[in-house]
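Structure first, commentary second.
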Amino acid sequence: MRDAVRQLLTTPHSWSARLTVAVVAGLISIGLSALLEPWVDGHFFVVPLSGVVLSALYGGIAAGLTTTAVNIVGFLVLPYSPVAGTRPPMEEDLARAFVFIVVATLLSWIGAALRDSHHRNEQARLEAVHARSEFERTSAARAAADEARRAADARLIDVFERMSDASFSVDADWRFLYVNREGERVMGFTRESLVGQRLWDVFPDIVGSNFERSYRQAITAQQPVEFVEFYPPFQAFFEVRAFPVQDGLSVFFRDVTEQRRSQQSLQESEARFRSLVLAIAQVVWTTSAEGLIEEDSPTWRAFTGQTQEEMKGYGWLEALHPDDRANAASSWKEALARRGGYEVEYRLRRPDGTYTPVLARGAPVLNADGSIREWMGTNTDITERKQAEAQLRRYADRLEALHAIDRAILQAVSMEDIARTALTFLRRLIGCEEASLLVAEPGEEVARWTVTAKDAETLRYEPPRAAGDAPARQLPHGLELPLTLGGGRRAALRLASAHEGAFDAMATQMAEEVAAQITIALEQGRLRRELELHAGGLEEQVTVRTTELQEANAQLEAFSYSVSHDLRAPLRGIDGFLRLVEEDVAGALSERGRGYLARVRAAAGRMGQLIDDLLKLSRLSRAPLERGEVDVSSLAVSVMDELRAREPTRGVEVSVEPGLRNLST
């Protein structure tokens, strides 16, 4: 019923439906009133008013008034009493009609108001349900957003904690909100002690400094700032980057003291080098902002012999070696284009026509507005440096060649390999026409290996001959170095050349170093051969000694078995006779006699055990070692009992710790 009323009150209806319902309700009210008149007796308004109320609830005040009008027409025109029949309306009927109109109008308004009120309540209920659904959805979304924000904050904090830079965040009131691990280390405070404190209170020294000005600038302009500043309390330079965030500032900084000191040292070194260059410069020149020589340079004229007219503009290029002019000109034009330093090496002609290597360096001189006023440069004679570089290259080549010879000689095995490697490298390094190695073993004639320039890849071997029969040198200049060998051997390194001065101090030194390596290689070969001979003799001696040892072990084992057999025979006789005595006369013996008899049998048993142990001992050299636990306490007690039995009159107190065992490993 409640749902039907709610449906009636809340369901919207068209105008035609509401009019139809209002008319039908009026007609039904008239008919029911006529039928019920005898029984209601003056209360006939109940049925029409009910129709008015229902019409108003269904269609609003217009429908209620329509039903009221239909009922009035029925009251005044149609008969409403089937018993009395038709009669004209009387004056009292008009009064009753007026009252009905007033009451019906009031009820129509009340019904319409109830309908509208219920409709508004239903609309409010639906809106509340929708709002509650939206609130629940919004709450879920807000919870998800909060969880995502917490996860993002956790990830961000994890990133901050892993950063190598120190970091902290402050709010709009400059109070610390967060400090990462590196920030704690650099600032010397724990984050717990910093959070909630004002930046200026913890670090009052930054008030009025570039730190404060930059931080406030970042907040005011809402733009990040980056700077490097010295902080006196820490005696350190810090590279700082500050980023404005919502209601605060995030700061990242790191100690760059060492970097600044390195830069300062580098700048000082460059300044000293520049001063040194200016001090030793032989030529100083200046050009216009466009790079043209316009003014006279006396040092240039003195060094090159050019006149002032010849050097003007780009005429100075004529004083350079023809092969160096293009590179010098292009480098100079490139420096002009990029407004940067100029540095190039070239050969500069002297007045006598010779060329001297120089280092040309230039730099722009700037005006206050940053424009170039002129260019200044110097030319420094680098002849000595070039000579030193060439000497260093020769030394490097020499060392590299000597190292290669060392590795090759030490890796060689036979005499032929040693000779081929050493002579080939040495002849090529020194530049001689012939290199020979002469070696004589004890009691043998001299053998010779030779490498010549005509056939540099072939090692020529000459059979042994007497030292006096060795072929004489055919080349006019030579160098011979004797090699000191052991074992009575003799050797020599012989070099020959057709050019005078081929064997200068450096060549002689290199030959001596190679000769020393050849000596080491020859001695290693001799020792290797002797070691192989000794190794063969040692193996033979080990085989003989092993055979002898096996024979001695066999003889020892045979002797042990013989001794064991000879010793066991008397023991078996003693044990047998003691058993007979014990069986025959045991009843006639006293307690002490029976004890003596038992000790004799026990001693015979121990003697047998000792013989078995001797046999086991003889096999130890041929058997693997077995480890096991030994009850040391029990062994000590047995020894103590045996000693007491031997000397019962001695009063000795002995204490043995029970349960002692050795450690078996």
Side-chain angles (χ1 to χ4, degrees), residues 210 214 217 223-230 237 239-241 256 258-349 355-383 385-386 389:
N210 189 38
S214 300
Q217 176 187 350
Q223 293 290 334
V225 296
E226 184 173 349
F227 61 93
V228 177
E229 188 66 27
F230 181 75
F237 285 92
E239 182 183 46
V240 183
R241 290 168 295 159
V256 294
E258 292 299 326
Q259 180 180 349
R260 288 295 294 260
R261 289 175 179 171
S262 299
Q263 293 176 351
Q264 184 176 0
S265 300
L266 181 60
Q267 292 172 356
E268 293 175 354
S269 299
E270 291 179 350
R272 287 194 297 269
F273 179 73
R274 191 176 300 109
S275 300
L276 180 62
V277 170
L278 293 176
I280 65 175
Q282 295 180 347
V283 177
V284 179
W285 47 266
T286 60
T287 72
S288 64
E290 292 76 20
L292 301 176
I293 290 182
E294 298 175 349
E295 299 180 0
D296 184 24
S297 175
T299 55
W300 180 275
R301 286 190 289 104
F303 195 85
T304 64
Q306 281 187 317
T307 65
Q308 182 179 358
E309 292 299 324
E310 290 175 340
M311 62 183 292
K312 277 189 175 182
Y314 278 91
W316 57 274
L317 288 172
E318 297 299 323
L320 274 61
H321 192 282
D323 296 339
D324 299 337
R325 292 173 186 172
N327 181 49
S330 62
S331 299
W332 177 239
K333 292 178 181 179
E334 180 185 354
L336 293 175
R338 57 183 170 82
R339 298 164 54 90
Y342 168 69
E343 181 173 339
V344 67
E345 293 182 8
Y346 50 74
R347 289 164 289 180
L348 196 59
R349 186 181 64 239
Y355 287 91
T356 299
V358 297
L359 172 64
R361 301 184 69 183
V365 180
L366 303 180
N367 294 311
D369 59 356
S371 61
I372 297 178
R373 183 174 71 244
E374 61 181 358
W375 290 78
M376 295 191 64
T378 61
N379 281 43
T380 305
D381 187 348
I382 58 173
T383 302
R385 195 190 81 182
K386 288 293 185 180
E389 290 177 353

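FYI, side chains are in, hydrogens and waters are out, and symmetry mates aren't considered; it's all heavy atoms of this structure.
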> With sequence neighbours excluded, what pairs up with Gln223 under the side-chain hydrogen bond (donor to acceptor under 3.5 Å, both in side chains) test?
Replying inline: none

> For Thr383, what residues pass the side chain to side chain contact (heavy atoms under 4.5 Å, CB included) criterion, not counting sequence neighbours?
Replying inline: Thr356, Pro357, Asp381, Gln387

Could you pull out all donor-acceptor pairs under 3.5 Å where a side-chain atom in residues 332-340 meets a protein atom, sequence neighbours excluded?
from   : atom 1 : to     : atom 2 : distance (Å)
Trp332 : NE1    : Gly291 : O      : 3.2
Arg338 : NH1    : Gly341 : O      : 3.4
Arg338 : NH2    : Gly341 : O      : 2.9
Arg339 : NH2    : Gly370 : O      : 2.7

> Does Lys386 have any side-chain hydrogen bond (donor to acceptor under 3.5 Å, both in side chains) partners at least two apart in sequence or in another chain, and if so, which?
Replying inline: Glu345

> Once you round to the nearest 0.5 Å, how far does OG1 of Thr286 lie from CE of Met376?
Replying inline: 6.5 Å

>> For Asp296, give me all partners under side-chain hydrogen bond (donor to acceptor under 3.5 Å, both in side chains), at least two apart in sequence or on another chain.
In response: Arg301

> What distance separates Glu229 CD from Ser214 OG, expressed to the nearest 0.5 Å?
Replying inline: 7.5 Å

>> Please determine whether side-chain hydrogen bond (donor to acceptor under 3.5 Å, both in side chains) holds for the pair Tyr346 and Asn379, giving the CA-CA distance in whole Å, both sets of side-chain angles, and the decisive distance to 0.1 Å.
In response: CA-CA 10 Å; Tyr346 50 74; Asn379 281 43; 2.9 Å; yes

>> So, applying side-chain contact (heavy atoms from CB on, under 4.5 Å) with Gln306, which one of Glu310, Gln308, Glu309 is it?
In response: Glu310

> What residues form a side-chain hydrogen bond (donor to acceptor under 3.5 Å, both in side chains) with Glu226, not counting sequence neighbours?
Replying inline: none

>> Under a 4.0 Å threshold between the charged nitrogen and the carboxylate oxygen, would Glu318 count as salt-bridged to Arg349?
In response: no

> How far does CD of Glu374 sit from CD of Glu290, to the nearest 0.5 angstrom?
Replying inline: 12.0 Å

>> Determine whether Val240 and Val228 satisfy the following criterion, side chain to side chain contact (heavy atoms under 4.5 Å, CB included), listing intermediate values before the conclusion.
In response: CA-CA 6 Å; Val240 183; Val228 177; over 6 Å; no

>> Once rounded to the nearest 0.5 Å, what's the spacing between atom CH2 of Trp316 and atom OG of Ser297?
In response: 12.5 Å

